[in-house]
Structures are given as C-alpha cells and as structure tokens.
Amino acid sequence: LIGAIESRRASFGSELAVLRAETERLATVLEQLTDGVLIADADGRVQFANPAAGKLFGTDKLTHQSVAQVVRDHQLIEAWKRCQQTRLLQIEAVELPTRKQYLQLIVIPDEHEGGSLLLAQDLTQVRKLEMVRRDFISNVSHELRTPLASLKALTETLQSGALADPDAGPRFLERIHTEVDALTQMTQELLDLSRIESGQVQLNFEAIAPRKLIHSAADRMKAQVERASLILDVKVDDGLLNINADKNRLEQVLVNLIHNSVKFTKPGGRITLGAEAVPGGVRCAVRDTGVGIPSESLTRIFERFYRVDSSRTGSGTGLGLSISRHIVEAHGGKIWAESDEGRGSVFYFEIPI
C-alpha cells in the first residue's frame, strides 16, 4: 500500500510538473502575442488580459473591468453581446478615429464557464497597405486613360482621312509620338520604382565629390531650364568631403528635383542648386521661386502619383519624387521639402559620409 501511495505521489508530482510547464509555456505565448487577448466571465468582467491588449486599448488596468469599459466602442460591445446571447463566434471590425486605429474583434464563446474569449487585432497597417494598393491601381488607371484616349482619337481622325491632309497628317502623327513617349516614360518609371522598392536595384557605390555631382546635374538640365526662360545657379560650399554613393542614381534624384522646379516656376524665375556640410553628411538642396506647395501637402508629395491639385499637375507621371525618395533612402539618407506657398519651394536631401 505504501509503495502504491509513493508511486501515485511520484506520478502526481510528474503530472504537476508537466502541468506547470504547459502553464508557463501558455503564459509565455500570451505574453509575446501581438494580438490582444481578453478573457471575460459570464457577467462580462475581464478576468485576464495579456500585455498586447493593454497596448491596444490604451491602459494596463483591464482586469475586473467590464468589456464595455475596456473596448469603449458600441459596435464592439454589440459583438460581445451577440456572442453572449447566441453563443456563436462573432467578428466585428471598426475604425477608431480618436485612436487612429482599425481594430478587429473576434469574440469566442466559452462553453464551459459561460464567458467569452476576446481576440483584438490591430489591422491599422494592413488597412493602410490595402488603401495604398487601391489608390495605386486607381491612379495608374487614371494616368493611362488620358494618353490612351488621346491615341484612340488621333488614330480615328487619321483613319477618317486626315492622314492624307499634308498639314493635319504630320501634326497628328507628332502628337501620337508625344503620347507614346509619355506612356513609355511612365512604364519605365513604374519599373524603376518597382525594382527600387523591392530592393532589386544594385547601387554602385563609389567616392563622389558633391561639387562634381551638382555641376553634372546642372549641365544635364541647363538646356531645359533655358527653354523655360529660367535662371539656374549653383552654390556649393568649398572643402566638402566625398560621399560614398551611386553617382548615376543621385544625379537622377537631382535631375528629378530640378525638373519638378522647372514645371512649377514661371518664366523669369530662378532655380538654385546647392550643397553644404552637415553633421555626419552632406545636404543637397534644389531651391526655386515657383508657385510653392500648400503645407498640408508637404508630407504627401513623395507618394506615388500624388498631385497637389489639378491646376498644378503640369506634365510628367507623378512618380519622379517617389523614385527620388527611395533612392535617397537606399543610400541611408533622408529627403524632405519646405515651402512658402506662392513664393517657392526647397527640396533637401542628406547623404551620410
């Protein structure tokens, strides 16, 4: 009998150790989960909450509060009530403007205790990515529609007899050539952007003198600036240290910024290129006396296809600034803009030494 008791005691101790290990493992999982987990009793009082739930709902004091006090949203509360009434799983997703969150709450009935398990998921980033995807498709469709409609109208006009007209025929063919060039540029820039964003573009780093980089970009854009009846100045500090960068890509950034300034600066205006030393790197700037940018748009102008308003679209694909941002960030730098609407803008980017 004593042997049986000892054997049973040893078995019980072994089972208790296994149970403790499983409990500790479960506690570790709940601690590390990024989704919020709440366990509520039949009366709707929270009996358990993991750390992620505290972060999602903005407080660490969740236990012993009611579900309504914790979630503080009538749609989520109604989802919990429906689960309690029907004893069926409920899923509800809501946008919380005050918290700038998009939450999904999954309420699972506890068949044994009469309570419920609530799983809260922060889908804010997923929602943003979905919006970016939808906006991108919409913008691409919009950008393609105009040149394609123009090409269709031009070809139909030529087919109707304009091709034989010695004046209209060559003029329409030239317009078709222009629209095809625009489509080709957009396609190339979309491919460039896709490669840069996916990390497929290999940067060829080398020691570059900022002065040489600035002057090279200025020389490339000199003819276009002069055609627009603008003045191009270059002001580069002496004694700047070399930067380790891809010359062609950074020159592309400068060309994109200068081209942007040309589009939005009236004849007689001025564009100034500059470079100066800053702690840990070199700051390049493209300054213009153009129409400027509204303050509410400054944080969005580097988005794909973003345009401030229809009156300032000008020509181009709306991808140049986005490509520039990715190139600068691929160099470990940063890019931003400052503007006084009606008086001009300054685009800065910094590259670390």
Practice task
State, to 0.1 Å, how close Q75 and E92 come at their nearest heavy-atom pair, and which atoms those are.
Solution key: NE2-OE2, 3.5 Å

Problem - Check ion pair D246-R249 (N to O, under 4.0 angstrom) - result: no

Handout entry: Beyond-backbone contact of S116 with P109, side-chain heavy atoms, under 4.5 angstrom
Key = no

Problem - Hydrophobic cluster membership, V94 vs V67, 4.5 Å side-chain cutoff - result: yes

Handout entry: Qualifying residue for side chain to side chain contact (heavy atoms under 4.5 Å, CB included) with E95, from K100, R127, Q101
Key = R127

Problem - Reference residue Q90; test side chain to side chain contact (heavy atoms under 4.5 Å, CB included); the match among R82, K81, Q85 - result: R82

Problem - N-O pairing of E303 and R300 below 4.0 Å - result: yes

Fill in the blank from the handout: On a heavy-atom basis, the closest approach of L38 and F57 is CD1-CE1, 4.0 Å

Problem - Pairwise side-chain contact, K334 with E329, heavy-atom cut-off 4.5 Å (strictly under) - result: no

Exercise for the section: Would you check if the side chain of D340 reaches a backbone N or O of R343 as a donor-acceptor pair within less than 3.5 Å? Expected result: no

Practice task
Could you give me the CA-CA distance, side-chain angles and deciding distance for L250 and F349, then say whether side chain to side chain contact (heavy atoms under 4.5 Å, CB included) is met?
Solution key: CA-CA 10 Å; L250 279 193; F349 67 89; 4.3 Å; yes

Problem - Partner residues of Y348 under the ring-ring contact (aromatic ring centres under 6.0 Å, His included) criterion, sequence neighbours left out - result: W336

Handout entry: Smallest separation among heavy atoms of L230 and P267, with atom names
Key = CD2-CA, 4.0 Å

Practice task
State yes or no: do V70 and I106 share one hydrophobic cluster built from I, L, V, M, F, W and Y residues joined by side-chain heavy-atom distances below 4.5 Å, directly or via other members?
Solution key: no

Handout entry: From OG (S345) to CG (L298), nearest 0.5 Å
Key = 7.5 Å

Fill in the blank from the handout: side chain to side chain contact (heavy atoms under 4.5 Å, CB included) filter on I39, not counting sequence neighbours, yields F48, L117

Practice task
Report the C-alpha separation of E341 and S295 in whole Å, then their side-chain angles, then the decisive distance to 0.1 Å, and conclude whether the side chain to side chain contact (heavy atoms under 4.5 Å, CB included) test is met.
Solution key: CA-CA 8 Å; E341 192 172 4; S295 57; over 6 Å; no

Practice task
To the nearest 0.5 angstrom, please state how far the CD atom of Q47 sits from the CG atom of D110.
Solution key: 11.5 Å

Problem - Minimal non-hydrogen separation, F302 against A337, with atom names - result: CE1-N, 4.2 Å

Exercise for the section: Could you name each residue pair satisfying salt bridge (Lys or Arg N to Asp or Glu O under 4.0 Å) that touches residues 212-228, not counting sequence neighbours? Expected result: R220-E251

Exercise for the section: Give the intermediate values and the outcome of side chain to side chain contact (heavy atoms under 4.5 Å, CB included) for residues H177 and D181. Expected result: CA-CA 6 Å; H177 188 269; D181 280 347; 3.2 Å; yes

Exercise for the section: Check whether the ring centres of F205 and H331 lie less than 6.0 Å apart, and answer yes or no. Expected result: yes

Problem - Pairwise side-chain contact, L96 with L103, heavy-atom cut-off 4.5 Å (strictly under) - result: yes

Completion exercise
Distance col, row N204:CG vs N248:CG, nearest 0.5 angstrom, shows 8.0 Å

Problem - Main-chain N/O of G344 paired with S339 side-chain donor or acceptor, under 3.5 Å - result: yes

Handout entry: Side-chain donor/acceptor of D43 to backbone N/O of R45, under 3.5 Å
Key = no

Exercise for the section: Quick one: do D237 and R211 satisfy salt bridge (Lys or Arg N to Asp or Glu O under 4.0 Å)? Show the steps, please. Expected result: CA-CA 8 Å; D237 288 352; R211 177 180 292 276; over 6 Å; no

Handout entry: Verify same cluster id: L76, I108 (apolar side-chain graph, 4.5 Å)
Key = no

Practice task
State, yes or no, whether a side-chain contact exists between I243 and V282 at a heavy-atom distance under 4.5 Å.
Solution key: yes

Problem - Distance in Å, C284 SG paired with L254 CG, rounded so as to fall on 0.5 Å steps - result: 5.5 Å

Exercise for the section: Flag yes if L148 and L190 sit in one hydrophobic cluster, no otherwise; membership is Ile, Leu, Val, Met, Phe, Trp, Tyr, and two members link when side-chain heavy atoms are under 4.5 Å apart. Expected result: yes

Exercise for the section: Measure the shortest side-chain to side-chain distance between Q252 and I327 over non-hydrogen atoms and say whether it is less than 4.5 angstrom. Expected result: yes

Problem - Backbone of V37 reached by a side-chain donor or acceptor of N50 within 3.5 Å - result: yes

Problem - side-chain hydrogen bond (donor to acceptor under 3.5 Å, both in side chains) partners of residues 153-173, not counting sequence neighbours, each pair once - result: K152-E156

Exercise for the section: Take I293 and F347 through the test side chain to side chain contact (heavy atoms under 4.5 Å, CB included) and record every step on the way to the result. Expected result: CA-CA 11 Å; I293 305 166; F347 284 82; 3.9 Å; yes

Handout entry: Heavy-atom pair of closest approach, residues I258 and A217
Key = CD1-O, 4.2 Å

Practice task
Side-chain contact test, heavy atoms from C-beta onward, threshold under 4.5 Å: evaluate it for D73 versus I77 and give yes or no.
Solution key: no

Exercise for the section: For atom CZ of R283, decide whether the heavy atoms of other residues, nucleotides or ligands shown that lie under 6.0 angstrom number more than 12. Expected result: yes

Exercise for the section: Mind listing the closest non-hydrogen atom pair of A285 and V346 along with its distance? Expected result: CB-CG1, 4.2 Å

Problem - pair I323-R325: side-chain heavy atoms closer than 4.5 Å - result: no

Handout entry: Note, L321 side chain near L257 side chain (heavy atom, < 4.5 Å)
Key = yes

Fill in the blank from the handout: Here the gap from L232 atom CG to Q224 atom CD, rounded to the nearest 0.5 Å, amounts to 11.0 Å

Handout entry: Set of residues satisfying side chain to side chain donor-acceptor pair (under 3.5 Å) with respect to N256, sequence neighbours excluded
Key = S324

Practice task
Following the transitive rule for hydrophobic clusters with a side-chain heavy-atom cut-off under 4.5 Å over Ile, Leu, Val, Met, Phe, Trp and Tyr, establish whether Y102 and L105 coincide in one cluster.
Solution key: no

Handout entry: Gap between atom OG1 of T59 and atom CZ of R72 - 0.5 Å precision
Key = 7.5 Å

Exercise for the section: Mind checking side chain to side chain contact (heavy atoms under 4.5 Å, CB included) for I231 and listing every partner two or more places apart, or none if nothing turns up? Expected result: D233, R270

